[in-house]
K.L.:
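There's a structure below that I have some questions on.
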Amino acid sequence: MKRHNNELEIDEDISFERSTWKIQRVGWVIMLLIVLSAILGFTGRGGLLNVNKQTVTSTDGTMEIEYERFQRREASSELKITLKNISTPSPTIFFSTDFYTKQRIDKIIPEPEKVEAGADGIVYTFAVDAPNTQLIFHTKSTTFGQIQYSVQRPGSSAETIKHFVYP
Amino acid sequence: MDTIIRGIVLYLFLMIIFRINGKRALVEATVFDFVLLLIIAETTEQGLLGEDKSLTASLLLIITLIGMDIGISLLKQRFNFFEKVIDGGPIILVDKGKLLYDRMKKERVDEADIMESARAMKGLKRMDQVQYAILEKDGKITIIAQDDAG
């Protein structure tokens with residue numbers, strides 16, 4: 001035990017405490033940066049910048065997919081598909097396997113008429129009576145990390161959707 | 001396995017976050033500090049158990065948390081430096097009656113806090129009756145009175 005002023009027995013290590021203060025202040029800055037990135041939207045579930053909302057359109061322009069780039073595990077998320085100028089009353093959409101194995105599909109609005117499972121994915125058939133219509137998929141990720149799958153309408157390009165899921 | 005990882009991550013996270021906050025975090029025990037503590041506890045609970053409300057998860061979690069605690073206390077006992085990193089050490093704030101303002105500022109302690117401790121612990125009336133004030137590693141301020149203070 002060290003002795004301070006020859007009377008006070010204390011294990012003070014002021015140089016260590018000084019470095020602690022420095023590290024603490026660095027920690028405060030990191031905390032601030034985390035909050036800022038959350039406000040901007042980098043941690044999912046909304047945000048001031050639209051970094052979270054991503055939109056892709058298929059090459060023939062009949063399908064627009066709006067999805068959330070950053071998700072959180074077990075937190076609800078939305079995938080919106082807008083169909084434009086479609087000629088058939090029963091459009092089909094294909095999703096590759098990861099869409100339903102790495103996320104739970106809570107609800108599809110409107111409910112699909114028919115669901116078919118294939119070797120490498122799932123095909124939903126919807127009933128629509130207008131050429132422009134919107135479909136909403138409510139999902140919850142069951143794993144964390146990267147989730148990647150493709151969405152395709154027959155005769156059009158396969159669009160790759162990538163989500164990053166926080167634990 | 002998921003539960004155990006959650007337990008370890010949250011244990012380490014809370015340890016780091018409270019260390020970053022500083023010694024005086026939540027020790028002033030004002031009403032608001034108490035409320036804050038409750039909110040943090042409530043938020044932590046969600047992260048710890050998630051959707052899993054099973055008894056197994058609770059038991060596993062308790063074992064994990066207590067295990068972490070034992071492990072860390074063993075490490076602290078074995079390595080002095082580790083203890084210093086985790087807990088910090090005492091800091092002299094008043095040295096032979098002289099207030100060390102730079103340290104007080106860094107630890108967010110003011111004269112009123114020192115006098116509060118001086119009153120509570122020693123029944124002192126004035127700052128000049130304080131010989132030493134020490135910010136202990138648990139965040140409390142201990143006071144040693146001047147020899148002639150009465």
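Worth saying up front: this structure is predicted, and the values here are computed from it rather than measured.
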K.L.:
Measuring heavy-atom distances to chain A, does B:Val85 have an atom under 4.5 Å in its side chain, in its backbone, in both, or in neither?
P.N.:
both
K.L.:
Check A:Arg69, A:Gln54, A:Gln71, A:Glu68 against A:His163 for a side chain to side chain donor-acceptor pair (under 3.5 Å) and give me the one that passes.
P.N.:
A:Gln71
K.L.:
Counting heavy-atom pairs under 4.5 Å with chain B, which one of A:Asp13, A:Val26, A:Asn5, A:Thr20 comes out on top?
P.N.:
A:Asn5
K.L.:
Quick one: what part of B:Arg6 sits under 4.5 Å from any heavy atom of chain A, side chain, backbone, both or neither?
P.N.:
side chain
K.L.:
Check the pair A:Glu7, B:Tyr132 against side chain to side chain donor-acceptor pair (under 3.5 Å), reporting the backbone distance first and the verdict last.
P.N.:
CA-CA 11 Å; A:Glu7 56 179 358; B:Tyr132 289 108; 2.6 Å; yes
K.L.:
Just do the side chain to side chain donor-acceptor pair (under 3.5 Å) check on A:Ser96 and A:Asp98 with the steps written out, would you?
P.N.:
CA-CA 6 Å; A:Ser96 65; A:Asp98 275 3; over 6 Å; no
K.L.:
Tell me, for A:Trp21 versus chain B, whether the close heavy atoms (under 4.5 Å) come from the side chain, the backbone, both or neither.
P.N.:
side chain
K.L.:
Is A:Lys107 atom NZ crowded by more than 12 heavy atoms from other residues, nucleotides or ligands, each under 6.0 Å away?
P.N.:
no
K.L.:
Please tell me whether B:Ile114 and A:Ile10 are part of a single hydrophobic cluster in this structure, the criterion being side-chain heavy atoms less than 4.5 Å apart.
P.N.:
no
K.L.:
So which part of B:Ile16 gets closer than 4.5 Å to some heavy atom of chain A, the side chain, the backbone, both or neither?
P.N.:
neither
K.L.:
Checking B:Asp102 against chain A: side chain, backbone, both or neither under 4.5 Å from a heavy atom?
P.N.:
side chain
K.L.:
Looking only at side chains, do A:Glu78 and A:Ser76 share a donor and an acceptor under 3.5 Å apart?
P.N.:
no
K.L.:
Where does A:Ile23 contact chain B at under 4.5 Å (heavy atoms): side chain, backbone, both or neither?
P.N.:
neither
K.L.:
Are side-chain N/O atoms of B:Thr142 and B:Glu136 paired as donor and acceptor at under 3.5 Å?
P.N.:
yes
K.L.:
Report which part of A:Glu12 has an atom under 4.5 Å of a heavy atom belonging to chain B: side chain, backbone, both, or neither.
P.N.:
both
K.L.:
Hey, which of B:Arg19, B:Glu107, B:Glu51, B:Lys84 has the most heavy atom pairs under 4.5 Å with chain A?
P.N.:
B:Lys84
